[in-house]
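Have a look at the structure below before the remarks.
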Amino acid sequence: MDLLNALVTFLNFVFIPASAYGAQLALGALGVTLIYGILRFSNFAHGDTMAFGTAMVILLTWGLQALGITLGPLPTALLALPPAIALTAALALLTDRWVYRHYRRIKAAPIVVVMASVGVMFVMNGLTRIVIGVGEINFADGARFVVTVPQFREMTGLTEGLSLRTTQAITLVIAALSVWALFVFLNRTRAGKAMRAYADNEDLALLSGIDPDRVVRLTWIIAIALAVMAGTLYGLDKTFKAFNYFQILLPIFAAAIVGGLGNPVGAIAGGFLIAFSEVALTYPWKKVAEYLGFEPSGLLQMLGTEYKLAISFVILIVVLLVRPTGLFRGKAY
């Protein structure tokens, strides 16, 4: 029985939260790796683009709620997600036309485009704060839990309870469906194969008649869709605050680079690796140890929760030193 209680404690406080967080990082890292692999630059505006897209979701959610339109037990934000993706993608395409297209035409060095993305990052950050403010916003409605702690205890008779929040379940389902749809698109459609060909060899792709402007547009639209979904799921799971999306940029880039920048499979693996590392290293394992028959004198917490970002940074540095191409051998950078 104590072994089951230890397992439930692990699932409740480590596995489920880390899985949801890992899915959010994986979606964000997929957007980063697509832009790097196809457009060939690291987009430092990705985090603030997530924030802007999530702000659009919140505003549309409020509008739908004012009209009395909801999804019952599911968050109304899911209804607001498609139009918010469209609005954010439109802004990204305008940004590409006004900023990035010039650098592609003159074949600027990647570092120049990266610096341009830093400028876009500050603009997007300011725009988001103007639109939605700087405060903390909770926009999750509907049923809060799929399974509550008392329900689980009543069903199992265990001392420890397990809860599964609706937002965590939705995060895992949407992330799985999004990843499946992306891989089907990239591997089985003509447009997806054109994007892969353009990423592998731009000159040969152009000689084959592939339209580079169409590839660029598709890349931005897909990357923005992934970013807005990741940002919305992160905001639903926790709360929305514009500055948090600037901070989450480090774990997202760490996930993309650790997995192998430019490799979609690596981005997914990197997202879960970073998430589980952050949660496991900052969780106090004392209760789990007690259920397993140990009597620890301390909390068995390796690091305080304030060091979560530092964990991402350390993992990133170690991978860059030991295996610069990442775990799944992404492109050199």
Would you say [Y] ends up clustered with [X] if hydrophobic residues are merged whenever their side chains have heavy atoms under 4.5 Å apart, either directly or through other cluster members?
X    : Y    : value
V173 : F272 : no
I38  : L206 : yes
I130 : L59  : no
L4   : F10  : yes
I274 : L172 : no

Calculate, to the nearest 0.5 Å, the distance between atoms [atom1] and [atom2] belonging to [X] and [Y] respectively.
X    : Y    : atom1 : atom2 : answer
Y198 : L204 : OH    : CG    : 13.0 Å
I174 : L233 : CD1   : CG    : 5.0 Å
T166 : L74  : OG1   : CG    : 7.5 Å
L34  : I224 : CG    : CD1   : 11.0 Å
T282 : K308 : OG1   : NZ    : 4.5 Å
F145 : T167 : CZ    : OG1   : 8.5 Å

Do the ring centers of [X] and [Y] come within less than 6.0 Å of each other?
X    : Y    : value
Y103 : F41  : no
F253 : F44  : yes
F185 : W180 : no

Heavy-atom count check: over 12 atoms from other residues, nucleotides or ligands less than 6.0 Å from [X] [atom1]?
X    : atom1 : value
E295 : CD    : no
F15  : CZ    : no
F313 : CZ    : no
Q247 : CD    : yes
F246 : CZ    : no
Y307 : OH    : no
K241 : NZ    : no
M155 : CE    : yes

Any side-chain heavy-atom pair of [X] and [Y] under 4.5 Å:
X    : Y    : answer
T54  : V228 : no
L182 : L226 : yes
T239 : I137 : no
V215 : D211 : no
W62  : L67  : no
Y291 : T9   : yes
W285 : V14  : yes
F152 : L158 : yes

NZ/NE/NH1/NH2 to OD/OE distance under 4.0 Å, E160 and R153
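R153 and E160: not salt-bridged.
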Does L236 form a side-chain contact (heavy atoms from CB on, under 4.5 Å) with T171? I'd like the steps, not just the answer.
CA-CA 9 Å; L236 286 171; T171 293; over 6 Å; no
Does a donor on one side chain sit under 3.5 Å from an acceptor on the other, for [X] and [Y]?
X    : Y    : value
T148 : Q151 : yes
E278 : Y21  : yes
T70  : Q65  : no
T76  : D141 : yes

Taking every non-hydrogen atom, the tightest pair across [X] and [Y]:
X    : Y    : result
L27  : A230 : CB-CB, 3.7 Å
L11  : P17  : O-CD, 3.9 Å
A26  : I268 : CB-CA, 3.9 Å
L25  : G271 : CD1-O, 3.7 Å
A51  : A242 : CB-O, 4.3 Å
V319 : G326 : CG1-CA, 4.2 Å

Is it true that a side-chain atom of [X] and a backbone atom of [Y] form a donor plus acceptor pair closer than 3.5 Å?
X    : Y    : result
S117 : N43  : no
R165 : Q168 : no
H46  : G28  : yes
N187 : F183 : yes
D48  : F122 : no

Hey, which of V179, V265, I35 is the one that makes side-chain contact (heavy atoms from CB on, under 4.5 Å) with L30?
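The residue from V179, V265, I35 that satisfies side-chain contact (heavy atoms from CB on, under 4.5 Å) with L30 turns out to be V179.
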Starting from the C-alpha separation in whole Å, work towards a yes-or-no answer on side-chain contact (heavy atoms from CB on, under 4.5 Å) for M50 and I252.
CA-CA 11 Å; M50 289 170 60; I252 286 174; 3.5 Å; yes
Verdict with supporting geometry, V112 and V114, side-chain contact (heavy atoms from CB on, under 4.5 Å):
CA-CA 5 Å; V112 175; V114 168; over 6 Å; no
Partner of Y234 by ring-ring contact (aromatic ring centres under 6.0 Å, His included), out of F240, F139, Y245:
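Result for ring-ring contact (aromatic ring centres under 6.0 Å, His included) with Y234: Y245.
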Among R196, R40, R104, whose salt bridge (charged side-chain N to carboxylate O under 4.0 Å, His left out) with E202 holds?
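Among R196, R40, R104, the one meeting salt bridge (charged side-chain N to carboxylate O under 4.0 Å, His left out) with E202 is R40.
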Please report the C-alpha distance between L316 and L320 in whole Å, then the side-chain angles of each, then the deciding distance to 0.1 Å, and finally whether the side-chain contact (heavy atoms from CB on, under 4.5 Å) criterion is met.
CA-CA 6 Å; L316 174 61; L320 287 174; 4.1 Å; yes
